[in-house]
Amino acid sequence: MVQYDLVIRNGRVLDAESGFDEISDVGISKGVIERIAQNIDPSDATDSIDASGQWVIPGMIDTHVHVANASDLGRIRGLGLQMVAAAGATTVIDLGGSMDALVAGITARGSGVNVGSLGYLKPGETVPEGRLSPDMILDIVGTALEAGSLGIKLWGGYYPFTPDETARFISTANSLNAYVAYHVGTTETGSRLDGLREVPALLGSTGRVHVAHINAYCRGSILPIEQEIHEALEIIDDLRDQIVSEVHLAKPNFTLGKCDEDGNVLADVVGNCLRLENYEPTDEGIRAALRDGYASTVEETRIGLVLVSGERSVELFDAGNTDVPMSFPVNNATTAFQLTTARNSSNEFVIDAIGSDAGALPRNVNIEQAMRLVRFGGLEPLELVLKLSLNPAKMIGLGSKGRLSEGKDADITVIDPEAGSASYSFVAGEMIMISGRVVGSGGTILTTERGEKTVKATGIPYERVDLTQAMMYAGRD
Ligand SMILES: [Zn+2]
């Protein structure tokens, strides 16, 4: 009797919520995990996959990707959706995107992954230039929600607001139960440790926020790196009930090369990276760093975006009129390791999740790097699942994802522990990736009640998320 649509057989099934870690079969029907047991008869299933020697984990959820920036409306439309699926993700959050670009991306090159978006706040585009009143801020956050976004992303390191405006954006998002992510930095601080130091004052005693990529603020620009790591962990642990956070594990950072008419770099991050290696924070400094191979930009190839440096990259920089993605090898591996594995005095992880800050950027390495940490002994296998699946699901308030147990969504990532990378992934029981090759299409948009009408009108499938259940509001348990 055919009872299951799919059985994944003989894998090492890992579920961080229950602590389950056994060789088992997983029977899936109608997009849901129906049974986890040994010796499910493959003849009871329409399809079956032998996962012997592999790890079967709840679908990897990446709470920090970039798949649909407004500037992606051009030729790289949707490419990031392919790249995240190739790396084993089943659900992603576009941390500062445009719903129009997301809809266009899913239509053009959807990979079957679930995607939620946070509206980006950029003066002159989504936000008026000049000072913002509380009413204007309420209107801006409401507009993002109505468009279908889960909330907002404050891009402090790039488009800083005053501390008052920043605090108001956070408290307004909180009052609307919207998701709010913050890349630190205001007009008074930067995308550095000083930006993180400012967070307690911005939140007061009640504010809640997702602080993005903690490692990006520990690059040694204010104190020696070890001290920056220590202080960052202290700040985050002190605000444990108010902050959720992630760290990424890739060496290259990504930023924007854009310079003003006098040739001065606009992004704080680019200036910091250039100064670290004694280059001028100007277009000429960028060209020199590109020629020397310290800086890179990206170019699209058949396998996705790749990093380029040298003369070719200077051509691309000039062809793009300086407004091109830039990358510097500034993310410190020690920092990534320490932040990922750090625990507080109650033996809880200080930082909740691993997020790639990738997507359309060529560094979707969550699984590869986390598997290296497991091999080294820095993370136990179930802790890897906690950081890649369960905590990210909790961060978004997705009660039926991030868990591999009966009745939960059949979003599953299979990892080959020898290769240290994802070998298959499934969304709602449908295979979307095999051996790095994306076979899924379309996608499901995660939205809130306020965005439902707009998203429904796009014709793209959607799922309504209740953000009162998100970790920043509901807590960790
Ligand atoms: Zn980012």
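In this text the structure is predicted, and so the values were computed from the model without any measurement. Atoms within each ligand, like the ligands themselves, are counted from 1 in listed order.
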Exercise: identify the closest heavy-atom pair between Ala85 and Val438: CB-CG2, 3.9 Å

Minimal non-hydrogen separation, Arg219 against Glu228, with atom names: N-OE1, 3.2 Å

Atom pair CD1 (Ile236) and CD (Glu231), whose distance is rounded to the nearest 0.5 Å: 10.5 Å

Distance under 6.0 Å and angle within 45° of ring axis: Arg208 vs Tyr473: no

Within 45° cone of Tyr158 ring axis and under 6.0 Å: Lys122 NZ or CZ: no

Side chain Thr413, main chain Gly88, donor-acceptor under 3.5 Å: yes

Within-2.8 Å protein N/O/S contacts of the Zn ion (ligand 1): His64 NE2, His66 NE2, Asp357 OD1

